[in-house]
Engineer: 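Sharing a structure with you now.
First the proteins, then the strands, lettered A, B, ... as listed; each starts at 1.
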Protein chains: 2
Amino acid sequence: MAGTREPIWARPERGTRGPQPEHSRAAIAAAAVVLADSGGLGAVTMRSVASALGTSAGSLYRYLGSREDLLDLMVDAAIGELPRGDPPAGEWLEDFIVIARELLVLYQRHPWLPETIRPGTSFGPRTMDFFERCLVVLEPVPDSTTTKLEAIGMTVGVVAQFAASAGTPVPPEMLFVAVTPEAHPTLHAALLVTSPPPPEPDLFGKTLRILLTGLLRQVS
Amino acid sequence: MAGTREPIWARPERGTRGPQPEHSRAAIAAAAVVLADSGGLGAVTMRSVASALGTSAGSLYRYLGSREDLLDLMVDAAIGELPRGDPPAGEWLEDFIVIARELLVLYQRHPWLPETIRPGTSFGPRTMDFFERCLVVLEPVPDSTTTKLEAIGMTVGVVAQFAASAGTPVPPEMLFVAVTPEAHPTLHAALLVTSPPPPEPDLFGKTLRILLTGLLRQVS
DNA sequence: ATAAACAGCGAACGGTGTTTGCAGTTTAAG
DNA sequence: CTTAAACTGCAAACACCGTTCGCTGTTTAT
């Protein structure tokens, strides 16, 4: 029953005694984000982050309880890069899709973000700001907040899906070594097509419009 | 240019010389799946899989080129558990949603599966069978195979989203330590609701129906 | 018969997250 | 002002990880 630990957001950044820490959570998160941006999440090790800050791995545990805490910090720092102001005054659907597009470019700038948002992630204050901003935009929608949060969660998932598929522009044939013309005739035929049909111009917006108008009640 | 390696499906399971191997890819995958089911993906180490098979970690490299190969084997083995026969004769939308439901229960039985399907996964023959089965069901739809594959991918993503959110039945307050009544009034109010409204009876089916009827042309 | 290809195994290598003990520093309490 | 508690930083160590290597023995093609 004591397997889990208190999330980092519930612990004070520093105590009231002792010398002033040489680093801050924000600086640690920023250094880790830089490493992840250039080398992927695998490049974010306690030692690499520590050496980027000019300290040692063990010293990081004065700031973090575990590597998971570091990931929580990174997630919140990245989501904190989203635009914050701009409470828009248009139609809620279009406003919300604007937010989704902002999230998409964030996911493309930080490809490690979706995989770092894992089950067990403890979301920080900047992420809560994001959720709040979504709810504000959805204010005109007459559904319950629970339903809205479900719709937001589904949207975030779809955005991650688009960000991931945009990373692999054309499926390399390496991923399809296992298809045989006999067992998979339809699939095999599809892979032989040399010039695929022109892609939907705005599949992203189209998909989200479909999903949201179905999931949330239209304001009459 | 030589950073990537040939996927395991392109290599023969065994050569033509030498003694018969004591294990098989299928047995290795099965052992790894059992470990992941009970202890999560983190419990799947070369040493743990090897010891489950009564051998040593180094010996596994006679069968696998890397741990990634092991994950590829696991993914294909799990997806291979999906029902295979039953080419249904109903409406394509309902038939496809049946497949999606089968995938959902598979994801719930193997919670490690979505995270194991990573960018770079090389899909095996059982997974190709699954794609083929999806395409067969979508045969009556007049869209291009490319569009259908996009719809399938989006469906798989949505199913993973549902499987993940079903794993966390009620968001524990630990995940929301960072919300403050001042900065997040709407969110804060939503978390105070003691009895949330009864959830949509079949949000899963509803969502997929919405998504698929929008993404794919209705058969006229 | 010979040589190549292969299986199995134990030891080792570099890397990982994390813990621990210690020395030095700052602050709160007596 | 003194003292003790709380705190920081650091180096070393621990257990574990994926992976490689060298070796012995076995099977098969030539």
Engineer: In whole Å, I'd like the distance from the CG atom of L53(A) to the C1' atom of dC10(D).
Structural biologist: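 Those two atoms, CG and C1', are 15 Å apart.
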
Engineer: Does S51(B) reach the main-chain N or O of G54(B) with its side chain, forming a donor-acceptor pair under 3.5 Å?
Structural biologist: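 Pair absent, no side-chain N/O of S51(B) close to backbone of G54(B).
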
Engineer: Let me know which of D37(B), V49(B), V34(B) forms a side chain to side chain contact (heavy atoms under 4.5 Å, CB included) with V44(B).
Structural biologist: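 Of the listed residues D37(B), V49(B), V34(B), the side chain to side chain contact (heavy atoms under 4.5 Å, CB included) partner of V44(B) is V49(B).
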
Engineer: Roughly, in whole Å, what's the span from CG in L41(B) to P in dC17(D)?
Structural biologist: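 For the pair L41(B) CG and dC17(D) P, the rounded distance is 13 Å.
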
Engineer: Pairs of donor and acceptor atoms involving the side chains of residues 123-131 of chain A, under 3.5 Å and at least two apart or interchain, shall be tabulated with distances.
Structural biologist:
{"residue": "T127(A)", "atom": "OG1", "partner": "D76(A)", "partner atom": "OD1", "Å": "2.7"}
{"residue": "D129(A)", "atom": "OD1", "partner": "H184(B)", "partner atom": "NE2", "Å": "2.6"}
{"residue": "D129(A)", "atom": "OD2", "partner": "R84(A)", "partner atom": "NH2", "Å": "2.3"}

Engineer: Under a 3.5 Å threshold, yes or no: a donor from one side chain and an acceptor from the other, between D72(A) and W9(A)?
Structural biologist: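 Result is no, nothing qualifies.
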
Engineer: Pull out every residue in residues 26-33 of chain A that has a heavy atom closer than 4.0 Å to any atom of DNA chain D, ordered by number, or say none.
Structural biologist: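 Heavy-atom contacts with DNA chain D come from no residue of residues 26-33 of chain A; none.
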
Engineer: To the nearest 0.5 angstrom, please state how far the OG1 atom of T207(B) sits from the CG atom of L215(A).
Structural biologist: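 It is 4.5 Å, given to the nearest 0.5 Å.
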
Engineer: Taking all atoms of both residues into account, what is the closest heavy-atom pair of M154(B) and F162(A), and its distance?
Structural biologist: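 Looks like CE-CE1, 3.4 Å.
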
Engineer: What one-letter contact string describes nucleotides 18-30 of chain D from 5' to 3', where B marks a base within less than 4.0 Å of any protein heavy atom, S marks contact via sugar-phosphate atoms alone, and - marks no contact?
Structural biologist: BBB-B---BBBS-

Engineer: To the nearest angstrom, how far is H23(A) atom NE2 from dC7(D) atom P?
Structural biologist: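 Rounded to the whole Å, the gap is 18 Å.
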
Engineer: Got a sec, which residues hit salt bridge (Lys or Arg N to Asp or Glu O under 4.0 Å) with E68(A), two or more places apart in sequence or on another chain?
Structural biologist: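 Salt bridge (Lys or Arg N to Asp or Glu O under 4.0 Å) check on E68(A) returns R118(A).
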
Engineer: Just one of R5(B), R11(B), R25(B) clears the side-chain hydrogen bond (donor to acceptor under 3.5 Å, both in side chains) bar with D69(B), so which one?
Structural biologist: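 With D69(B) as partner, R5(B), R11(B), R25(B) yield a single side-chain hydrogen bond (donor to acceptor under 3.5 Å, both in side chains), made by R11(B).
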
Engineer: In residues 69-77 of chain A, which ones come under 4.0 Å of DNA chain D, going by heavy atoms?
Structural biologist: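 Nothing qualifies; none.
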
Engineer: Can you name the closest pair of heavy atoms from A43(B) and S48(B) and give their distance?
Structural biologist: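 In terms of heavy atoms, the two residues are closest at O-OG, 2.8 Å.
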
Engineer: Please check if any side-chain donor atom of H188(B) sits under 3.5 Å from a side-chain acceptor atom of E182(B), or the reverse.
Structural biologist: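 Absent: no donor and acceptor within the cut-off.
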
Engineer: For V177(B) and P7(A), work out which heavy atoms get closest and say how close.
Structural biologist: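 Minimum heavy-atom separation between V177(B) and P7(A): CG2-CG, 3.6 Å.
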
Engineer: Can you check the Y63(A) OH to dG9(D) C1' distance for me, whole Å?
Structural biologist: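 Taking atom C1' of dG9(D) as the reference, OH of Y63(A) is at 8 Å.
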
Engineer: For a quick test of reading the model, state the closest non-hydrogen atom pair linking C134(B) to I152(B) and the distance between them.
Structural biologist: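 Distance-wise, the nearest heavy atoms are CB-CD1, 3.5 Å.
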
Engineer: Would you check if the side chain of Q161(B) reaches a backbone N or O of G153(A) as a donor-acceptor pair within less than 3.5 Å?
Structural biologist: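 Yes, because the side chain of Q161(B) sits within donor-acceptor range (under 3.5 Å) of the backbone of G153(A).
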
Engineer: With axes from five pairs an end, tell me the bend angle of the helix from dA1(C)-dT30(D) to dG30(C)-dC1(D), nearest 10°.
Structural biologist: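 Terminal axis comparison yields 0°.
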
